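Quick notes on the structure that follows.
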Amino acid sequence: MVEIPYRTEIRPDTGVYNGKMGIWLFIASEVMLFGGLFSTYILLRVGAVSWPEGSEILNVPIATFNTMVLITSSVTMVMAWASLAMNNFSGFKTHMGLTILLALVFLVAKAIEYNAKFSHGLFPKTNTFLAIYFTMTGLHAIHILGGIVVNAYLWFTGEKMWKAGERQGLMNRVEVAGLYWHFVDLVWIFLFPTFYLLGGK
Amino acid sequence: MASGHSHDDVRSHVQSYLLVFAALGLLTVVTVLVSYFPFGIAGGIIVALMVATVKGTLVAQIFMHLKSEAKGIYGLLLLTGFFLLGLFFLTIITVMSQQGDDISLQYQKSIETHHSTGGH
């Protein structure tokens with residue numbers, strides 16, 4: 001069987017294995033996606049006659065809690081990779097499991113937040129602030145969901161790869177999934193102050 | 001050559017992960033507290049972005065291992081950063097060219113022009 005090149009070996013011209021270059025390319029495209037939406041936010045805000053203070057409309061305590069949840073999930077994600085690097089498979093299962101759990105907690109908190117808005121008659125169509133808020137945090141939530149699916153796949157199928165001796169292969173997959181996860185955390189680190197904490201006009 | 005990491009390397013990395021975790025927690029508290037300070041609109045935006053940038057840098061450098069990453073990745077990110085700045089520059093240029101104009105008035109004018117040229 002032909003081995004896929006540079007799956008675990010470092011490619012000399014890029015300096016990394018192919019999966020890592022691939023995920024960074026994907027992250028670059030995601031930077032442009034969220035960057036475009038942040039540009040939209042800037043244009044809408046500057047062009048608006050008035051703009052609400054985030055805390056007037058949005059729930060800062062829930063969002064602060066969610067920020068801590070995502071940061072913690074980033075730590076558990078990198079610890080999952082580190083566990084594999086230190087030959088500790090059960091450590092990987094624990095930390096990856098925690099990452100998935102924390103991600104679900106984030107989504108539940110987001111659902112509670114959205115539901116509270118809807119029950120008060122606040123929808124994306126209500127005003128420009130809410131339109132861009134729901135668009136950006138909604139897109140971010142979809143990215144979290146995607147991350148949960150990938151992480152859950154690795155959690156369930158990792159043992160098979162580990163026991164088959166494909167340890168470097170599994171480590172690389174977890175590292176690549178981790179890079180995506182940290183990026184999703186990074187986006188929230190910017191979303192949180194932008195929508196929840198900035199003053200209005 | 002496999003992309004290996006020695007146990008000792010990773011063990012020392014674990015310490016830095018936990019330190020960064022503590023720093024990120026502290027900076028989150030700072031982010032919220034600072035929003036209550038009377039910096040004004042522009043000042044508030046600058047301070048919030050500065051804190052977010054510090055947090056983002058810690059995540060990128062330590063969690064995403066950018067600190068010790070290959071040149072190929074740095075090159076890719078430099079290119080991405082260039083295009084992202086270009087995107088923001090386009091937005092700022094658009095805003096500056098409309099400075100002082102009432103956006104709703106511009107929209108009104110564009111509707112009137114459209115109707116007068118026989119549009120529907």
Side-chain angles (χ1 to χ4, degrees), chain A residues 8-11 13-17 20-21 24-25 27-29 31-32 35-36 38-40 42-43 46-49 54-55 60 64 67-68 71-72 74-75 77-79 81-83 85-87 168 171-172 175 178-179 181-183 185-186 189-190 192-194 196-201, chain B residues 1-7 9-11 13-14 17-18 20-21 24-25 27-29 31-32 34-35 39-41 44-45 47-49 51-53 55-56 59-60 62-65 69-73 76-77 79-81 83-84 87-88 90-92 94-95 98-99 101-104 106:
Chain A
T8 53
E9 297 77 39
I10 290 171
R11 192 172 142 145
D13 51 358
T14 62
V16 293
Y17 57 90
K20 191 183 270 196
M21 181 49 96
W24 275 112
L25 280 165
I27 287 171
S29 74
V31 165
M32 299 312 288
F38 271 108
S39 291
T40 304
I42 293 168
L43 207 53
V46 170
V49 173
S55 53
V60 174
T64 309
T67 306
M68 285 316 304
I71 287 171
T72 310
S74 253
V75 180
M77 184 81 210
V78 77
M79 289 299 295
W81 171 82
S83 298
M86 294 190 291
N87 251 336
Q168 191 63 48
M171 253 181 71
N172 288 355
E175 186 176 18
L179 285 170
W181 194 252
H182 300 313
F183 174 73
D185 179 25
L186 227 153
I189 281 169
F190 282 92
F192 170 56
T194 301
Y196 291 86
L197 302 179
L198 289 188
K201 68 174 190 178
Chain B
M1 177 189 36
S3 51
H5 299 259
S6 76
H7 277 213
D9 281 346
V10 181
R11 231 174 268 283
H13 284 170
V14 168
Y17 299 151
L18 296 174
V20 167
F21 179 36
L24 288 172
L27 285 168
T28 303
V29 172
T31 309
V32 177
V34 137
S35 69
F39 286 126
I41 305 292
I45 291 169
V47 171
L49 279 180
V51 179
T53 304
K55 287 168 84 176
V59 170
I62 309 298
F63 289 170
M64 295 171 98
H65 304 138
E69 201 41 278
K71 283 200 181 124
I73 302 295
L76 170 65
L77 287 176
L79 205 61
T80 310
F83 282 108
L84 183 68
L87 192 59
F88 282 121
L90 284 170
T91 310
I92 290 164
T94 311
V95 162
Q98 292 171 347
Q99 206 64 49
D101 296 348
D102 183 342
I103 296 283
S104 62
Q106 279 191 339

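This one's a predicted model, so the numbers in the text were calculated from it and none came from an experiment. Reckoned from all heavy atoms, side chains included, excluding hydrogens, waters and symmetry mates. Sequence lines set the chain letters: A, B, ... in the order given, protein chains first and strands last, and positions in each chain run from 1.
- Shortest non-hydrogen contact noted between Ala60(B) and Met64(B) is O-CB, 3.2 Å.
- For the pair Ala85(A) and Val10(B), the tightest heavy-atom approach, listed with the atom from each and the gap, is CB-CG2, 3.5 Å.
- Of the two parts of Leu25(A), the backbone and the side chain both hold a non-hydrogen atom closer than 4.5 Å to a non-hydrogen atom of chain B.
- Heavy-atom pairs under 4.5 Å with chain A peak, among Ile73(B), Val59(B), Leu24(B), at Ile73(B).
- Interface summary for chain A: among Ser35(B), Gly72(B), Ala52(B), Gly25(B), the most heavy-atom pairs under 4.5 angstrom belong to Ala52(B).
- Heavy atoms closer than 4.5 Å to chain A are found in both the backbone and the side chain of Val32(B).
- Comparing Thr64(A), Thr67(A), Val75(A) by heavy-atom pairs within less than 4.5 Å of chain B, the highest count is held by Val75(A).
- The parts of Phe38(A) that come within reach of chain B are both its backbone and its side chain, each placing non-hydrogen atoms under 4.5 angstrom from that chain.
- Ile41(B) touches chain A through its side chain: at least one heavy atom from C-beta onward sits under 4.5 Å away, while N, CA, C and O do not.
- Between Phe63(B) and His182(A), the two ring planes are tilted [angle within 30° to 60°].
- The aromatic rings of Tyr17(B) and His65(B) are tilted relative to each other, their planes meeting at an angle between 30° and 60°.
- Contact count versus chain B (heavy atoms, under 4.5 Å) is highest, among Thr14(A), Val31(A), Thr194(A), for Val31(A).
- With sequence neighbours left out, Phe39(B) forms a ring pair (Phe, Tyr, Trp, His ring centres under 6.0 Å) with Phe37(B).
- Surrounding CZ of Phe83(B) are at most 12 heavy atoms belonging to other residues, nucleotides or ligands under 6.0 Å away.
- In this structure Leu90(B) satisfies the side chain to side chain contact (heavy atoms under 4.5 Å, CB included) test with no other residue, sequence neighbours excluded.
- Here the closest heavy-atom approach between residue Ser39(A) and residue Leu87(B) is recorded as OG-CG, 3.7 Å.
- In this structure, chain B has a heavy atom under 4.5 Å from the side chain of Leu198(A), while its backbone stays farther away.
- Contact of Leu84(B) with chain A is made through backbone and side chain together, with heavy-atom distances under 4.5 Å.
- With a threshold of 4.5 angstrom between heavy atoms, Thr72(A) approaches chain B through its backbone and through its side chain.
- Heavy atoms closer than 4.5 Å to chain B are found in both the backbone and the side chain of Met32(A).
- The closest donor-acceptor contact from the side chain of Lys201(A) to the backbone of Val46(A) lies under 3.5 Å.
- Looking at Ile62(B), there are no atoms closer than 4.5 Å to chain A (heavy atoms on both sides), in backbone or side chain.
- With respect to chain A, the highest number of heavy-atom pairs below 4.5 Å among Thr53(B), Val51(B), Leu18(B) belongs to Thr53(B).
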